[in-house]
Number of protein chains: 2
Amino acid sequence: MTFIKEYNFKKTLNTSISCDKCRLGRLCLPDGLNKNQMSKLDKIISRKKPYQRGDYLFRNGDILHSVYAIHSGSIKTYSMQNDGKIQINGFLLSGEIAGLEGIANNCHSVDAVALETTSVCEIPFKQLESLSVEIPKLQHQMFKVLSNEIKHEQTLASLLGRKTAEQRLAAFLLSLSLRFECRNFSANTFNLSMSRSDIANYLGLAVETVSRIITRLSDNKILSVKRKMVSIYDKKKLYQMAGIISQPPNVIRKTGT
Amino acid sequence: MTFIKEYNFKKTLNTSISCDKCRLGRLCLPDGLNKNQMSKLDKIISRKKPYQRGDYLFRNGDILHSVYAIHSGSIKTYSMQNDGKIQINGFLLSGEIAGLEGIANNCHSVDAVALETTSVCEIPFKQLESLSVEIPKLQHQMFKVLSNEIKHEQTLASLLGRKTAEQRLAAFLLSLSLRFECRNFSANTFNLSMSRSDIANYLGLAVETVSRIITRLSDNKILSVKRKMVSIYDKKKLYQMAGIISQPPNVIRKTGT
DNA sequence: CGAGGGATTGAATTCATTCAATTCTTGTGG
DNA sequence: CCACAAGAATTGAATGAATTCAATCCCTCG
């Protein structure tokens, strides 16, 4: 298994994590827990040496030992389709939890790989379950996190099903922008940790299409992308393009079917 | 609120549900619970008068009071996009749980409407949470159900992102076939409870495209669809078309980005 | 039995892809 | 430190799959 760089050989640097002191606060799993509850959670979490770009957190088929909260950096998850092609399922930023899709069968169903130097809190799942029985609020948080992931995937599905290439890319960039803003990074200037072809794959587009749209958006002074660095100039316009209107249309609810 | 047919006016027919006696068995939430645990679950579940075609289980924006296990029949869930268009998020059959995407914000984010006469087990969510603390196995089941839903949505996303119209429809029909089979219905002859335009919308296609593909599949003797009744003649071929090969290609794992 | 929605079929159009060529970056070894 | 190789990104032209528009057909239900 030498092809997996450093896989499974990371040494634990620091088993005494402190969620209480983590700047992620409300963005991560322990949101809403009190200090005592957090310290119980701390005890089961371990932080390992940061992953480097290309390192795997886990691989499709691995037994699900843990779920992983991204502490800093970013990862992508992907799986291989039956036709041998890769499908990127998502990009995760700090505070987001990787591995949740593995719970169903106690076995990871995607590969998770670091896009940059990434620090991760590993949470052994069995222990997390036990603790969730002990701390109802933690169970509730888990339900919320899982439900949020479902909503997120539903949003993605409707993006892929109904939107034009331009709308998809606009929505993708705005989603990133929003997520960076929540993390106290700049909403208008940020770095893409993923390649154009990663973005294209995720959005169900060809690389060339993504490239062309970026060029068009740049020409229209809506944003600029220099290599990996995105600068958004006209966010309002970008929202319009994404088909996301701040003020939703006042539509009469129709009765179904 | 007269536009919502019978909404919220259903009378409880039978509060003494028995999961133990339900034929759904392993397909539903109580899978793996013992009799004692099931009877505890029974106590919080209520079964109402069946919903008729077009009746809503809940609506986008409603407070999440309960999640709903389909007992018989089928429903669809959908939401309205910012552009005023409808997006169908899924079709649920017996044993499947509706409302999970509402947990994140304690508020339903889709409309759920019966596609035919449908009987439903209503599970008050707060009580379900309490019981899940008391019965760790039930908590585990909830985690599994939620995780499964995430996987399902991921599969849908990659269907919408990368597959041709033909592959999408083939995969959709096979997925239905499989789900009917699990429920001890015929895998090769079954009834579509949803319209062509529902299918098209769900799959990110135009109705005309769905229609044309059905015609083509019929011409090729792979299946026939008479109005709503599907008969699959050549399932192997259908799997091939869907890009789902029984024996996955023996591909060397590549190291990521 | 007739009306109206659902489904099908045909023709023209379009958005995104594919193929192909070039430019730009980045990392590595001499 | 520079040169060069290899991957990443961009640009252009031709192609194609699915959509849109339009017309017709077929059920179902009142």
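Labels below follow one simple rule: chain letters A, B, ... track the order of the sequence lines, proteins then strands, and each chain is numbered from 1. Values below: every heavy atom of this structure, side chains too, minus hydrogens, waters and symmetry copies.
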Side chains of S195(B) and K228(B) in contact at under 4.5 Å (non-hydrogen atoms): yes

dA16(C) P sits how many Å from I199(A) CD1, rounded? 17 Å

When you measure from the side-chain N and O atoms of K228(B) to the phosphate of dC27(D), is any distance below 4.0 Å, counting only OP1 and OP2? no

So if I take every side-chain heavy atom of A165(A) and compare against dT11(D), dA18(D), dA16(C), which nucleotide ends up nearest? dA16(C)

Polar side-chain contact R212(A)-dT18(C) base: donor and acceptor under 3.5 Å: yes

Given dT19(D), dG12(D), dA9(D), which nucleotide is nearest the side-chain atoms of T209(B)? dT19(D)

Provide, to the nearest angstrom, the distance between the CZ atom belonging to R216(B) and the C1' atom belonging to dG10(C). 15 Å

Quick check, are the ring centers of Y202(B) and Y78(B) under 6.0 angstrom apart? no

Any base atoms under 4.0 Å from S211(B), or only sugar-phosphate, or nothing? Heavy atoms, all strands. base

Within the 4.0 Å heavy-atom criterion, would you say I214(A) contacts the bases, only the backbone, or no part of the nucleic acid? nothing

Describe the nucleic acid contact of S195(B) in one word from base, sugar-phosphate, nothing, applying a heavy-atom distance below 4.0 Å. sugar-phosphate

Quiz item: R162(A) side-chain donor-acceptor pair to dT19(D) base, under 3.5 Å: no

Which one, dA16(C), dA18(D), dT19(D), comes nearest to the side chain of T164(A)? dA16(C)

Mind calculating the distance between CG (L169(A)) and P (dA16(C)) to the nearest angstrom? 11 Å

Kindly assign one of parallel, tilted or perpendicular to the pair F185(A) and F180(A), based on the angle between their ring planes and the thresholds 30° and 60°. perpendicular

In terms of side-chain heavy atoms of E208(A), which of dG12(D), dA16(C), dA9(D) is nearest? dG12(D)

Specify the separation, in whole Å, of atom CG of L203(A) and atom P of dC15(C). 19 Å

Distance-only donor-acceptor check, side chains S79(B) and Q87(B), under 3.5 Å: no

Looking across every strand, which nucleic acid part, if any, lies under 4.0 Å from K226(A) by heavy atom: base, sugar-phosphate, or nothing? nothing

When the distance from CG of L192(B) to C1' of dG6(C) is rounded to whole Å, what number comes out? 14 Å

Is the shortest side-chain heavy-atom distance between R53(A) and T117(A) below 4.5 Å? no

L205(A) has an atom CG; how far is it from atom C1' of dT18(C), in whole Å? 14 Å

Between the base of dG7(D) and the side chain of R196(A), is there any donor-acceptor pair under 3.5 Å? no

Rounding to an integer number of Å, can you tell me how far M229(B) CE sits from dC26(D) P? 21 Å

For atom CD of E166(A) and atom P of dT14(C), their distance in whole Å: 16 Å

Between S224(A) and S218(A), do the side chains contain an N or O donor and an N or O acceptor separated by less than 3.5 Å? no

Among dA8(D), dC27(D), dT20(D), the one nearest R227(B) by side-chain distance: dC27(D)

With a 4.0 Å cutoff (strictly under), does any side-chain N or O of T215(A) reach OP1 or OP2 of dT11(D)? yes

